[in-house]
Student: 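Would you mind keeping the following structure in view while I ask a few things?
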Amino acid sequence: MSFRILGTGSALPQCVKTNDDLAQILDTSDQWIRTRTGICRRHVMTTETVTDLAAEASRKALEQAGIVPEELGWILCPTVGGDYITPGLSATLQAALGAHCPAMDINAACSGFLFALDAAEGIFARKKARYVLIAAAEGLSRIMDWEDRSTCVLFGDGAGAVVLGEGESLLSLHLETKGCPEPLHGCFPGGNSPWLSVKPENHFVHMDGQEVYKFAVSTICSGIETILQETGVSPEEIRHVILHQANLRIIDAARKKLPIPGDRYRLCIQETGNLSAASIPVLLDFCRRDQLLKPGDLMILCGFGAGFTSGTALVRWEP
Ligand code: ACO
């Protein structure tokens, strides 16, 4: 017993910042950002909270699934951080929805949605829930250094959600963690402990872009090759490749190396930037809304991010 996806939803903040907008506050240009990353614009929080975004995405997914919050058996929130250090986003979301089930956050950075699918599979296998909500939401604009042009141009804010019910749609799933925090990390904010002798780094995201790039391309390729080999599914049979939207150059490099036809790769990075854990469910929702997903379609979902973490899944679309 695994699950099937009954509904999807997404939510982006109202405020849109184009590359030209960023060029007003940073030494950058639309041309540099487009050619190096594929990103044209991103949405950033102004009055919204991360919980607001997660709740809006969740309500849409619940409505599509025909489920009310009281019927949920579990809520899982992949995120690098909600509105508080504690409680987690899962608790504030549960309150916003009026649900009553257990809820927890999963911090596996940009791979979090895949880690949540694995946890959900376990919940269904143990018959602990009839319906599980996975709501991934990020407010990354809060942890960017808006004076560091090499990182802040890459990210955006947003939320994506899926409602899962019992089913057999998950055909294969692989997760990996290779503990290696240096190339990509954000620090816990420093407090005022009189005993702490090591001054913490500021809490902004720090990234070695080239190290992350190399890791990302190699892990996408190895994850997808493993899934194809293990399941015996041919590259032609894959209808949709939904990769974490980190950078168009990463996606293009993987696309060139892999045997799956190039027109199967779905994209939203131009419009959203990198949404970390939320990028896969947001893109999945866009694909559903655009009526690209047909019953029986095979899709690969693949995430990779800080940790380093990565996860790849083969899923059949049978809503
Ligand atoms: N605008 C203009 N110039 C810039 C900008 C910017 N926004 N950012 C960096 N530059 C400059 C640098 O200062 C440097 O200038 P210099 O040559 O005078 O020193 C020059 O551009 C080249 O910098 P590089 O870092 O070598 O640029 P690179 O071609 O590697 O591109 C990038 C940087 C886009 C970050 C690339 O390394 C990359 O795609 N890395 C992958 C990282 C990624 O996508 N992370 C997403 C988050 S992680 C995740 O989701 C898993």
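Below, all heavy atoms of this structure are taken into account, side chains as well, without hydrogens, waters or symmetry copies. In this chain, numbering begins with 1 at the start of the sequence shown. Note that ligands are numbered from 1 as they come in the structure, with each ligand's atoms numbered from 1 the same way.
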Student: Less than 4.0 Å between atom 41 (C) of ligand 1 and some protein heavy atom, yes or no?
Tutor: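 There is a protein heavy atom less than 4.0 Å from atom 41 (C) of ligand 1.
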Student: Starting at OG of Ser172, measure out to NE2 of His174 and round the result to the nearest 0.5 Å.
Tutor: 4.0 Å
Student: Please report which non-hydrogen protein atom sits nearest to atom 31 (O) of ligand 1, along with the residue it belongs to and the distance in Å to one decimal place.
Tutor: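 Going by distance alone, atom 31 (O) of ligand 1 is nearest to Arg249 NH1, 3.7 Å.
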Student: Can you report which non-hydrogen protein atom sits closest to atom 1 (N) of ligand 1, along with the distance?
Tutor: Thr28 OG1, 2.6 Å
Student: Is there a protein heavy atom less than 4.0 Å away from atom 34 (C) of ligand 1?
Tutor: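 Yes, because at least one protein heavy atom sits under 4.0 Å from atom 34 (C) of ligand 1.
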Student: Is atom 29 (O) of ligand 1 close to the protein, meaning a heavy atom under 4.0 Å from it?
Tutor: yes
Student: Measure from the side-chain N and O atoms of Ser279 to the backbone N and O of Asn274, and report whether any donor-acceptor pair falls under 3.5 Å.
Tutor: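 No; zero donor-acceptor contacts below 3.5 Å.
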Student: Taking non-hydrogen atoms only, is Leu26 closer than 4.0 angstrom to ligand 1 via side chain, backbone, both or neither?
Tutor: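 Looking at Leu26 and ligand 1, no heavy atom falls under 4.0 Å.
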Student: Looking only at protein heavy atoms, which one is nearest to atom 46 (C) of ligand 1, and how far off is it?
Tutor: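 Its nearest protein heavy-atom neighbour is Asn274 ND2, 3.3 Å.
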Student: Over 60° means perpendicular and under 30° means parallel, so tell me whether Phe304 and His244 are parallel, tilted or perpendicular.
Tutor: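 Plane angle over 60°, so perpendicular.
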Student: Can you confirm whether some protein heavy atom lies under 4.0 Å from atom 17 (O) of ligand 1, or whether none does?
Tutor: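 No.
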Student: Using modelled atom types and a 3.5 Å cut-off, is there a donor and acceptor pairing between side-chain atoms of Ser111 and backbone atoms of Thr309?
Tutor: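 Flag set: sc Ser111 to bb Thr309 pair under 3.5 Å.
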Student: For atom 25 (O) of ligand 1, which candidate among Glu211, Gln210, Gln31 provides the closest heavy atom?
Tutor: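 The option holding the nearest heavy atom is Gln210.
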Student: What pair of heavy atoms forms the shortest contact from Trp74 to Ala103, and how long is it?
Tutor: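 Closest pair (atom of Trp74, atom of Ala103, distance): CZ3-N, 3.8 Å.
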Student: Regarding Glu271 and Arg41, does a basic nitrogen lie under 4.0 Å from an acidic carboxylate oxygen?
Tutor: yes
Student: Report the residues that fulfil salt bridge (Lys or Arg N to Asp or Glu O under 4.0 Å) with Arg130, sequence neighbours left out, ordered by chain and then residue number.
Tutor: none
Student: With rounding to the nearest 0.5 Å, note down the distance linking CG in Leu6 to CD in Glu318.
Tutor: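 Going from CG on Leu6 over to CD on Glu318, the span is 10.5 Å.
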Student: For atom 44 (O) of ligand 1, grab the closest protein heavy atom and report residue, atom and distance to one decimal in Å.
Tutor: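 The closest one turns out to be Asn247 CB, 3.4 Å.
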Student: Which bit of Cys110 is near ligand 1, meaning a heavy atom under 4.0 Å away: side chain, backbone, both or neither?
Tutor: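 For Cys110, the contact with ligand 1 is made by the side chain alone.
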Student: Atom 7 (N) of ligand 1: which protein heavy atom is closest, and how many Å away?
Tutor: Arg149 O, 2.9 Å
Student: Identify the closest protein heavy atom to atom 51 (C) of ligand 1: which residue and atom is it, and at what distance?
Tutor: Phe304 O, 3.4 Å
Student: Hey, is Lys294 close enough to Asp297 for a salt bridge, meaning N to O under 4.0 Å?
Tutor: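 Looking at Lys294 and Asp297, the cut-off is not met.
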Student: List every atom of ligand 1 that sits less than 4.0 Å from any heavy atom of Ala246, numbering the atoms from 1 in the order shown and giving each element.
Tutor: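 Near Ala246, meaning under 4.0 Å from one of its heavy atoms, ligand 1 has 44 (O), 50 (O).
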Student: Could you identify the single nearest non-hydrogen protein atom to atom 22 (C) of ligand 1 and state the distance to 0.1 Å?
Tutor: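 Minimum-distance protein heavy atom for atom 22 (C) of ligand 1 reads Arg36 NH1, 3.9 Å.
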Student: Backbone, side chain, both or neither: what part of Val153 comes under 4.0 angstrom of ligand 1, heavy atoms only?
Tutor: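 Side chain only.
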Student: Which atom pair, heavy atoms only, marks the closest approach of Pro78 to Ala277?
Tutor: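 In this case the closest contact between Pro78 and Ala277 is O-CB, 3.7 Å.
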Student: Which atoms from ligand 1 have a heavy atom of Ile250 less than 4.0 Å away?
Tutor: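 This gives 41 (C), 44 (O) as the contact atoms.
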Student: Closer than 4.0 Å to some heavy atom of Phe155 - which atoms of ligand 1 meet that?
Tutor: 47 (C)
Student: Thinking salt bridges, do Lys256 and Asp252 make one under a 4.0 Å N-O criterion?
Tutor: no
Student: Just to confirm my output: which protein heavy-atom neighbour is closest to atom 10 (N) of ligand 1, and how far is it?
Tutor: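 Here the closest protein heavy atom is Trp32 CZ2, 3.4 Å.
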Student: Looking at His244, which atoms of ligand 1 are within less than 4.0 Å of one of its heavy atoms?
Tutor: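 Once the distances to His244 are compared, the set is 49 (C), 50 (O).
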Student: Provide the number and element of each atom of ligand 1 under 4.0 Å from a heavy atom of Leu184.
Tutor: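 Under 4.0 Å from Leu184, ligand 1 has these atoms: 48 (S).
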Student: Can a salt bridge be assigned to the pair Arg59 and Glu63 using a cut-off of 4.0 Å between side-chain N and carboxylate O?
Tutor: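 Answer for the salt bridge query: no.
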Student: Heavy-atom distance from atom 37 (O) of ligand 1 to the protein below 4.0 Å?
Tutor: yes
Student: Less than 4.5 Å apart, any side-chain heavy atom of Val315 and any of Leu301?
Tutor: yes
Student: For residues Ser276 and Glu138, is any side-chain donor paired with an opposing acceptor at under 3.5 Å?
Tutor: yes
Student: Using non-hydrogen atoms of the residue, decide whether Phe215 is closer than 4.0 angstrom to ligand 1.
Tutor: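 False for this residue.
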Student: Suppose I only count heavy atoms of Gly305 and a 4.0 Å limit; which atoms of ligand 1 are within that range?
Tutor: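 Here the atoms of ligand 1 in question are 51 (C).
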